Amino acid sequence: SSGINAEYGGSTCKMLARRGYTHVQLSGSDVIAGEWRKECVGIVFPGGRDMPYHEKLQRTGNRVIREFVEQGGWYLGLCAGGYYGAAKIDFSDGDPDMEIKASRELAFFPGTAVGPRYPGFCYHDNSGERTAPISTPSDYSDGNMMVYFNGGCYFTPYSGSGHEVLFQYSDLVSPAVVGCVVGRGRAVLSGVHPEVTAEDLTDPSHLESVMEQLRRHAADPDKVMDSIFNFLDNT
């Protein structure tokens, strides 16, 4: 649980409940013990920070998760969880306080999660939050949907790697949400926050302009999540 932003964790729980999933919150030691695999169809890593995930789960925990997915489970990584599920991270290049350039063990996406996709991100406040226009690769001219964004990545694949771009940033034409077949299971990594609705963001520090955009596009997050779960459930 360490590394999870409280609001994003809450948004994720509400999103899963809306979709009929019963969920349990796991600590790092719970993940490593592996008992959850007997009853769970998938595992979700919400937004927050990638480093605590890595510090708690490197080696044993990541092996447990990877084997779970390879054997038919699914993994959903949202923002920090998206970074964490890629083979490499390139975060805040050149910033001495935030830069992370590292490999990650899950490596569901054969490539690099590069971010933040938009400038201005700050760990300590919401000054870098915004809505991001995303679209399916076949429909980027008139199919824009607006979803919450705060520090997330885009995905750069290795040459010849196998993955599916589910959504891309419409204004920057780079992958925002990718799907990967992993053995008998599947993984989706997202640089954006389609689990977040305006109602989820209760902290008064959130930017009113962002809140208004989310309210105006209130149906879009569920549309994106529909596509994500269509991919995950197709195992």
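Computed from a predicted model, the values in this text were never measured in an experiment.
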**Request:** Identify whether the distance between the nearest side-chain nitrogen and carboxylate oxygen of E70 and R63 falls below 4.0 Å.
**Result:** no
**Asked** Is it true that F45 and Y75 have ring centroids separated by less than 6.0 Å?
**Response** yes
**Asked** Does the side chain of L201 reach to within under 4.5 Å of the side chain of V196, using non-hydrogen atoms?
**Response** yes
**Message:** Quick check: F229 with W74 (ring centres under 6.0 Å apart)?
**Reply:** yes
**Asked** How close do P221 and P194 get, heavy atom to heavy atom, and via which atoms?
**Response** CB-O, 3.1 Å
**Asked** Do we see a donor-acceptor contact under 3.5 Å between the side chains of S170 and N144?
**Response** yes
**Request:** Grab the two heavy atoms, one from N150 and one from F121, that are nearest each other, plus how far apart they are.
**Result:** OD1-CD1, 3.4 Å
**Request:** For the pair N230 (side chain) and D226 (backbone), establish whether a donor and an acceptor sit closer than 3.5 Å, ignoring hydrogens and angles.
**Result:** yes
**Message:** I'd like to know whether the aromatic ring centres of F109 and Y84 sit less than 6.0 Å apart in this structure.
**Reply:** no
**Request:** Determine the interplanar angle of the Y123 and F91 rings, folded into 0 to 90°, and report it as parallel if under 30°, tilted if 30 to 60°, perpendicular if over 60°.
**Result:** tilted
**Asked** Is the backbone N or O of A87 less than 3.5 Å from a side-chain atom of R104, with the two atoms forming a donor-acceptor pair by type?
**Response** no
**Item:** Nearest atoms (heavy-atom pairs only) where C13 meets Q25
**Value:** SG-NE2, 4.0 Å
**Prompt:** Quick one: does R186's side chain have a donor or acceptor within less than 3.5 Å of a partner on G73's backbone?
**Reply:** no
**Message:** Hydrogens and angles aside, do H54 and E105 bring a side-chain donor and acceptor to less than 3.5 Å of each other?
**Reply:** no
**Prompt:** Just by distance, do the side chain of Q71 and the backbone of G185 share a donor-acceptor pair under 3.5 Å?
**Reply:** no
**Message:** Would R117 and F149 count as a cation-pi pair here, with the cationic atom under 6.0 angstrom from the ring centre and within 45° of the axis?
**Reply:** no
**Prompt:** Do side-chain atoms of E129 reach the backbone of L207 as a donor and acceptor pair under 3.5 angstrom?
**Reply:** yes
